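Since we're looking at a predicted model, the values are computed, not measured. When a residue number appears, it is its place in the shown sequence, counting from 1.
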Amino acid sequence: MATPEHPLFGKAIKNGSASNSPLLWWRRDVEEYFAAMGQRVDWSAIDGSELTPTPTHALQPPEPDLTGLMSAVADLAEGVAKVLLDVAVKARAGEYGRPR
């Protein structure tokens with residue numbers, strides 16, 4: 001792989017350690033290679049879609065559900081507060097072997 005015979009060969013990722021392990025490429029690298037030759041890649045045969053796929057570098061991560069996350073954090077904080085309060089009450093009552 002140090003001396004690639006093809007421009008894409010040097011960008012390959014070997015999927016396994018065997019000599020016959022398949023080579024994989026990032027979609028972006030394949031698109032750039034064909035764009036340099038003035039051609040577009042039709043990914044429909046691979047993706048099973050008739051639509052032109054969005055380039056992988058243009059995909060945005062989904063927006064997090066902050067409402068659900070904040071609700072879960074509030075529930076967790078409430079539970080921790082109850083446990084700490086219970087421990088404090090028991091410690092003051094001497095239930096842990098050291099009366100105060």
Practice task
Compare all side-chain heavy atoms of D42 with those of F34 and state whether any distance is below 4.5 angstrom.
Solution key: no
Completion exercise
Closest non-hydrogen contact found for S21 with G16 is OG-C, 3.3 Å
Problem - A36: side chain to side chain contact (heavy atoms under 4.5 Å, CB included) partners, not counting sequence neighbours - result: none
Fill in the blank from the handout: Sorted by chain and number, sequence neighbours left out, salt bridge (charged side-chain N to carboxylate O under 4.0 Å, His left out) with D75 holds for none
Handout entry: Atom pair NZ (K11) and CH2 (W25), whose distance is rounded to the nearest 0.5 Å
Key = 12.0 Å
Exercise for the section: Evaluate whether atom CH2 of W26 has more than 12 neighbouring non-hydrogen atoms of other residues, nucleotides or ligands under 6.0 angstrom away. Expected result: no
Practice task
Would you indicate whether the side-chain heavy atoms of L23 and N15 approach each other to under 4.5 Å?
Solution key: no
Completion exercise
The reported gap from NZ in K90 to CG in L85 (rounded to nearest 0.5 angstrom) is 11.0 Å
Practice task
Please round to the nearest 0.5 Å and tell me the distance separating atom CG of L8 and atom CG of D29.
Solution key: 7.0 Å
Practice task
Run the salt-bridge test on E78 and K82 with the 4.0 Å N-O cut-off and return the result as yes or no.
Solution key: yes
